[in-house]
Amino acid sequence: MTDIAHLPFTQRFVHELPADPKTDNSLRQVLRACYSHVQPTHVARPELLVLVPEVAALIGLDPEPTKELVEVLAGNRIVDGMAPYAACYGGHQFGTWAGQLGDGRAITIAEVTAPSDGDIWELQLKGAGPTPYSRRADGRAVLRSSLRELVCSEAMFHLGVPTTRALSLVLTGEPVQRDFLYDGHPKLEPGAVVCRVAPSFLRFGSYEIHSAREDQETLEKLVRFTLAKYYPQHIANGQMDIAGWFDEVMRKTAFMVSEWMRVGFVHGVMNTDNMSILGLTIDYGPYGWIESFDLDWTPNITDASGRRYRFGAQPQVAQWNLAQLARALSWLVEDLDPLRATIDAYAREFSSLYRHTMLRKLGLVAHAQHATGDDDLLTDLGALLVEIETDMTLFFRYLAEPNPSLVTLHDAYYAPDQITAVQRAQIERWLMAYAHRVRVEGISEEERRTRMDSINPLYVPRNYLVQEVIEATEAGDRTQLLELLDVLRRPYTQQPGKERFAKKRPDWARHKPGCSMLSCSS
Ligand code: AMP
Ligand code: MG
């Protein structure tokens with residue numbers, strides 16, 4: 001473990017990829033380059049709210065919160081060996097090509113080699129001030145959105161979902177103006193900086209931008225870099241296997257989305273600039289967690305009319321996004337057919353992953369050959385969950401109890417008294433079919449419970465829980481934040497005294513901004 005000034009920094013991105021020759025922060029189109037050199041902007045009074053010890057350990061950083069470390073995490077200090085930059089990328093936003101976007105408020109300050117295994121991690125400050133990509137915005141982030149990013153990315157990690165991590169949350173001591181609901185009521189809010197950590201923050205849009213500009217040379221350099229660093233199995237003697245690589249990106253993406261569906265995560269803004277080339281969940285914005293199982297739900301009010309990024313649409317959107325990536329990569333291949341085949345294969349890949357996941361959620365294993373009974377079981381369950389307002393998280397935990405019945409499941413329903421006789425009969429019929437399937441599987445009730453409780457979380461960062469923590473933290477009490485982070489470290493294990501974190505959404509939170517309604521204003 002070492003202090004921040006003595007970490008083994010490396011600068012692969014900066015050294016090996018083409019840079020924007022200009023180094024000021026003027027807004028501009030950055031051509032023929034993958035990044036711009038930038039400096040974070042100084043903030044008034046940095047105050048450390050959270051330093052995540054396990055992420056510090058990951059990069060070999062001593063978790064002692066020294067003044068120097070806090071200054072670095074706030075963007076006030078750059079130590080020798082760091083080479084801060086903002087990446088250039090574009091993206092399709094809500095289905096339309098948006099041109100150059102880029103890191104408008106995120107600044108990668110360093111790449112660090114982990115002492116334990118030699119893995120290389122990028123440290124990126126989000127909210128660290130303007131860059132050439134800030135367009136009309138201020139380069140800052142507010143406490144509520146930074147806190148949401150830190151809590152959720154760490155929760156996802158402990159849930160076992162591929163994700164970027166978060167090392168720290170620092171208050172800047174400077175207010176930031178935001179119009180949260182975009183309804184003409186701007187407010188001053190506390191500013192904050194999150195330090196995100198990932199092997200890479202490259203996105204689909206990082207490749208699309210060069211393709212859109214017909215800049216094959218820069219595109220090829222970036223792809224070469226990506227393969228050499230993150231997908232070495234797809235490059236040999238300088239020969240790139242683009243189709244094989246794209247196929248692997250497809251599989252990673254399908255897996256990530258099936259994991260979102262497993263835990264009830266709705267990303268909220270699946271634009272191609274928010275799709276990681278490593279299949280990690282990135283850019284936590286107006287995301288939300290499924291409370292009542294509703295395939296049509298989206299937390300993002302900016303998307304309320306089209307619901308493009310609703311819970312149930314995520315798998316298809318990922319495929320659409322992959323097709324945009326394929327289009328960008330098509331510059332580098334002679335034969336488009338393998339790319340097309342991969343896009344087609346996505347549907348099969350996702351269905352098979354999802355089916356397997358759902359069966360595992362029920363404590364069953366998926367048989368290699370199609371068992372028709374299983375498909376009926378899953379379809380009937382899906383219909384029941386949609387028809388009767390059911391808390392997704394609690395349902396799978398209660399179902400794991402021995403010999404589940406309507407009584408066992410009672411508290412998973414939002415309005416148990418309104419379940420009709422017909423619906424009760426449907427639930428009972430389904431439970432009988434399920435019990436029969438469990439008998440065929442030949443597992444004990446104890447074994448079923450062990451299996452189910454290891455894949456169905458009890459604690460997820462429910463929208464209203466995070467909102468309560470935001471309000472407490474804004475009021476100066478950070479104990480609630482630390483407590484929530486701690487509970488979310490063991491999402492599958494029942495924790496005595498932490499019952500309040502595993503409760504259905506209370507009625508007051510049903511339509512409250514921040515709980516069920518979020519925007520991109522962050
Ligand atoms: P997002 O919706 O957060 O993924 O952001 C889309 C684009 O807008 C990215 O290029 C961001 O860097 C940029 N952006 C978002 N918020 C800000 C901000 N406050 N200042 C500068 N750029 C921003
Ligand atoms: Mg983004």
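Basis for what follows: all heavy atoms, side chains included, without hydrogens, waters or symmetry-related copies. Just follow the structure's listing: the first ligand is 1, and inside any ligand the first atom is 1.
Looking at heavy atoms from C-beta onward, H42 lies in side-chain contact with N76 at the 4.5 angstrom threshold.
Remark: ligand 1 atoms within the under-4.0 Å shell around heavy atoms of R178 are 19 (N). Ligand 1 places these atoms under 4.0 Å from at least one heavy atom of R140: 19 (N). Proximity to G102 (heavy-atom distance under 4.0 Å) selects the following atoms of ligand 1: 9 (C), 10 (O), 11 (C), 12 (O). For ligand 1 and D138, the ligand atoms under 4.0 Å from any heavy atom of the residue are 18 (C), 19 (N), 20 (N). Short contacts between ligand 1 and D283, defined as distances under 4.0 Å to a heavy atom of the residue, involve ligand atoms 4 (O). Close approach of ligand 1 to L101 (heavy-atom distance below 4.0 Å) involves ligand atoms 10 (O).
For the pair R307 and W297, the cation-pi criterion (under 6.0 Å, within 45° of the ring axis) is not fulfilled. Geometric assessment of R148 against the ring of Y287 yields a positive cation-pi assignment under the 6.0 Å and 45° thresholds. A cation-pi contact links R165 to F157, judged by a cut-off of 6.0 Å to the six-membered ring centre and 45° from its axis. Taking the centre and axis of the six-membered ring of Y89, the NZ or CZ atom of R203 falls inside the cone set by 45° and 6.0 Å.
For N274, every heavy-atom contact with ligand 1 shorter than 4.0 Å involves the side chain, none the backbone.
A donor-acceptor contact under 3.5 angstrom links the side chains of T226 and Y207, judged on distance only.
The stretch residues 265-277 participates, sequence neighbours left out, in these side-chain hydrogen bond (donor to acceptor under 3.5 Å, both in side chains) pairs: E208-T272, N271-Y309.
Here's the thing with V269: none of its N/O atoms is less than 3.5 angstrom from an N/O atom of ligand 1. Considering both main-chain and side-chain atoms, A137 never comes within under 3.5 Å of ligand 1 through any nitrogen or oxygen pair.
Taking a 6.0 Å sphere around CZ of R327, one finds it holds 12 or fewer heavy atoms contributed by other residues, nucleotides or ligands. Atom CG of D183 sits in a crowded spot, with more than 12 heavy atoms from other residues, nucleotides or ligands closer than 6.0 Å.
Near the Mg ion (ligand 2), less than 2.8 Å away, sit the protein N, O or S atoms N274 OD1, D283 OD2.
Distance from atom 8 (O) of ligand 1 to its nearest protein heavy atom, with residue and atom name: R135 NH2, 2.7 Å.
Put simply, atom 2 (O) of ligand 1 has no protein non-hydrogen atoms near it, under 4.0 Å away.
Side-chain N or O atoms of S522 include one that pairs as donor or acceptor with a backbone N or O of C520 at under 3.5 Å.
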